[in-house]
Participant: 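Before I ask anything, let me first share the structure, which is written out below as structure tokens.
One-based numbering along the sequence shown. Predicted model, so just to flag it, every value in this text is computed and none were measured.
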Amino acid sequence: MEDQGSDTGTIVIRDVRIFDGMSDAGALHRPAHLPEPRGPVPDRRARRLRHGVRRADRAGRGGVRLHHLDVLQYTTGELRAGVRAAADWGTYVAVHVYTGAGIRRAVEAGVKVIEHGHLAAEDDLAFMAGEGVWLSTQPFAESDHSYPDPASAEKNRRVCAGTERVFAWALKHGVRVAFGTDLMLDPARSARQSAMLARTAGPAGGALAALKIATSGNAELFREAGPRDPYQNPTPADVAAHGRVPHLARLGVIAEGAWADLLLVDGDPTRDLGLLADPGAHLKVIVKDGRIWKNTLP
């Protein structure tokens, strides 16, 4: 979306998500999700990849609103089929899962990214580290979501209670961590995304560590999409054919030819990430793709 000029917010890497058991919020704003086609897993996955998705995103467990948190979805064989289909297109699979059992099944099938993981045990994080698997998790607080049903509210409490633990174990064992919010690209919740980024400083070990995770760290994760990563250094053939077009510039670095997205902050976010929780007050200059979108300097 954004790299085509239709959105001036955060960078979006288009993915594909299979909604079934964990997909318990039918009214959520999810413009990049494609409908579930019929047919074997590799055929369904390939059809989505032909539509331009950058990675495959699967639901591997139950959800907070519906179902039990400990249920598993997809057999190992089904997950491997999805991984193989993604690999045929030069990209990878991410799985949404909370529990250790779901994590291990996914990793054993070749999944490269675990989304959430809040109910994992320490040995599950150590296992992920040994396999080189990413953890894209969220600093959830109970107030981020509202569940009138008492059972769902209790599941939400359990998930949120795991935030500190999973971050601590991931950092202890050297798991590569990415920042996420799980807010489904909902424009109405953009302010909450900024608040969640600021909140990440606590479990991540400080403001600077959280910034690295959310910027250069996330950019490194995007590069797991290999040739499907839309933010790459242009090759000589690319330059000859198209020039240095913006969608071929790398993210997460300050270098010639890189994506020119810069923020000028009134204060030091490496010491106080809370500054970014109120971007209206503290972001004095916003540069996106080399264009100045905001400048309140005198």
Side-chain angles (χ1 to χ4, degrees), residues 1-13 29 31 134-145 160 163-164 166-168 170-171 176-223 230-231 233 244 246-298:
M1 297 192 326
E2 185 191 344
D3 56 352
Q4 297 174 359
S6 60
D7 189 334
T8 57
T10 53
I11 293 290
V12 173
I13 295 293
H29 177 79
W134 282 81
L135 174 68
S136 177
T137 193
Q138 304 77 28
F140 285 146
E142 289 187 59
S143 59
D144 288 332
H145 303 88
C160 295
T163 296
E164 297 282 344
V166 74
F167 264 100
L171 296 175
R176 292 180 293 176
V177 178
F179 168 73
T181 64
D182 203 42
L183 293 180
M184 304 291 192
L185 304 178
D186 185 351
R189 297 187 180 186
S190 58
R192 186 171 296 175
Q193 294 183 46
S194 298
M196 291 177 75
L197 174 59
R199 192 189 303 158
T200 304
L208 181 58
L211 276 175
K212 287 181 177 179
I213 288 172
T215 54
S216 58
N218 276 20
E220 183 183 351
L221 172 56
F222 295 163
R223 289 194 278 274
Y231 304 106
N233 285 331
R244 291 187 173 273
H247 75 280
L248 291 171
R250 275 198 182 277
L251 290 174
V253 296
I254 299 177
E256 181 181 357
W259 200 274
D261 292 353
L262 298 172
L263 304 175
L264 182 62
V265 184
D266 185 10
D268 185 356
T270 67
R271 295 180 179 274
D272 179 10
L273 201 52
L275 295 169
L276 299 184
D278 188 356
H282 300 294
L283 293 185
K284 298 302 181 183
V285 176
I286 299 176
V287 180
K288 160 75 176 71
D289 188 20
R291 176 180 174 183
I292 297 175
W293 292 88
K294 176 182 178 180
N295 183 0
T296 59
L297 292 176

Participant: Just how far is it from atom CG of Leu263 to atom NE2 of His282, taken to the nearest 0.5 Å?
Facilitator: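 With rounding to 0.5 Å, CG (Leu263) is 13.5 Å from NE2 (His282).
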Participant: Between Leu275 and Pro269, which heavy-atom pair has the shortest distance, and what is it?
Facilitator: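 Closest heavy-atom pair between Leu275 and Pro269: CD1-N, 3.8 Å.
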Participant: Show every salt bridge (charged side-chain N to carboxylate O under 4.0 Å, His left out) that has at least one partner inside residues 203-215, sequence neighbours left out.
Facilitator: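 Those involving residues 203-215 do not exist here.
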Participant: Can you list everything that forms a side-chain contact (heavy atoms from CB on, under 4.5 Å) with Asp266? Sequence neighbours excluded, please.
Facilitator: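 Asp266: side-chain contact (heavy atoms from CB on, under 4.5 Å) contacts with Lys284.
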Participant: Only counting residues at least two apart or in another chain, list the ones meeting side-chain contact (heavy atoms from CB on, under 4.5 Å) with Leu135.
Facilitator: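 If we apply the side-chain contact (heavy atoms from CB on, under 4.5 Å) test to Leu135, skipping adjacent residues, the hits are Ile114, Leu125, Met128, Thr137, Val166, Ala170, Val175.
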Participant: Would you give the length of the straight line joining atom OG1 of Thr200 to atom CG of Leu211, rounded to the nearest 0.5 angstrom?
Facilitator: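 Interatomic distance, Thr200 OG1 to Leu211 CG, rounded to 0.5 Å: 9.5 Å.
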Participant: Among residues at least two apart in sequence or on other chains, which ones pass ring-ring contact (aromatic ring centres under 6.0 Å, His included) with His145?
Facilitator: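 For His145 the ring-ring contact (aromatic ring centres under 6.0 Å, His included) partners, ignoring immediate neighbours, are Phe140.
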Participant: Take a 6.0 Å sphere around CG of Leu297 and say whether it holds more than 12 heavy atoms from other residues, nucleotides or ligands.
Facilitator: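 Yes, the 6.0 Å shell around CG holds more than 12 heavy atoms from other groups.
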Participant: Could you tell me which residues satisfy side-chain hydrogen bond (donor to acceptor under 3.5 Å, both in side chains) with Thr270, sequence neighbours excluded, listed by chain and number?
Facilitator: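 Once residues adjacent in sequence are excluded, the partners of Thr270 under the side-chain hydrogen bond (donor to acceptor under 3.5 Å, both in side chains) criterion are Asp268.
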Participant: Considering only heavy atoms from C-beta outward, does the side chain of Leu276 approach that of Leu283 to under 4.5 Å?
Facilitator: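 In short, these two side chains touch, coming nearer than 4.5 Å.
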Participant: Any non-hydrogen side-chain atom of Trp293 less than 4.5 Å from a side-chain atom of Val287?
Facilitator: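 Of all side-chain heavy-atom pairs linking Val287 with Trp293, none is under 4.5 Å.
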Participant: Going by side-chain contact (heavy atoms from CB on, under 4.5 Å), name the residues that satisfy it together with Ala178, two or more places apart in sequence or in a different chain.
Facilitator: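 Result, side-chain contact (heavy atoms from CB on, under 4.5 Å) vs Ala178: Trp134, Ser136, Asn218, Leu221.
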Participant: Would you please name every residue forming a salt bridge (Lys or Arg N to Asp or Glu O under 4.0 Å) with Glu142, sequence neighbours left out?
Facilitator: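 Per chain and number, Glu142 pairs via salt bridge (Lys or Arg N to Asp or Glu O under 4.0 Å) with no residue.
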Participant: Does the side chain of Leu262 reach to within under 4.5 Å of the side chain of Val285, using non-hydrogen atoms?
Facilitator: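 Side-chain contact under 4.5 Å: no.
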Participant: For the residue pair Asp278 and Ser194, establish whether any side-chain heavy-atom pair is separated by less than 4.5 Å.
Facilitator: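 No, too far: nothing below the 4.5 Å cut-off.
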Participant: Out of curiosity, Thr181 OG1 to Met196 CE, how far, rounded to the nearest 0.5 Å?
Facilitator: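 Here the rounded value is 5.5 Å.
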Participant: Please report the closest heavy-atom contact between Ala204 and Ala209, naming both atoms and the distance.
Facilitator: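 For Ala204 versus Ala209, the nearest heavy atoms are O-CB, 3.5 Å.
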Participant: Who pairs with Arg199 by side-chain hydrogen bond (donor to acceptor under 3.5 Å, both in side chains), at least two apart in sequence or on another chain?
Facilitator: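 Listed in chain order: Asp144.
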Participant: Apply side-chain contact (heavy atoms from CB on, under 4.5 Å) to Ala277 and list each qualifying residue two or more places apart in sequence or on a separate chain.
Facilitator: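 In terms of side-chain contact (heavy atoms from CB on, under 4.5 Å), with neighbours along the sequence ignored, Ala277 is linked to Ala198.
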Participant: Taking atom CZ as the centre, does Arg223 end up with more than 12 heavy-atom neighbours from other residues, nucleotides or ligands that are less than 6.0 angstrom away?
Facilitator: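 Yes, the 6.0 Å shell around CZ holds more than 12 heavy atoms from other groups.
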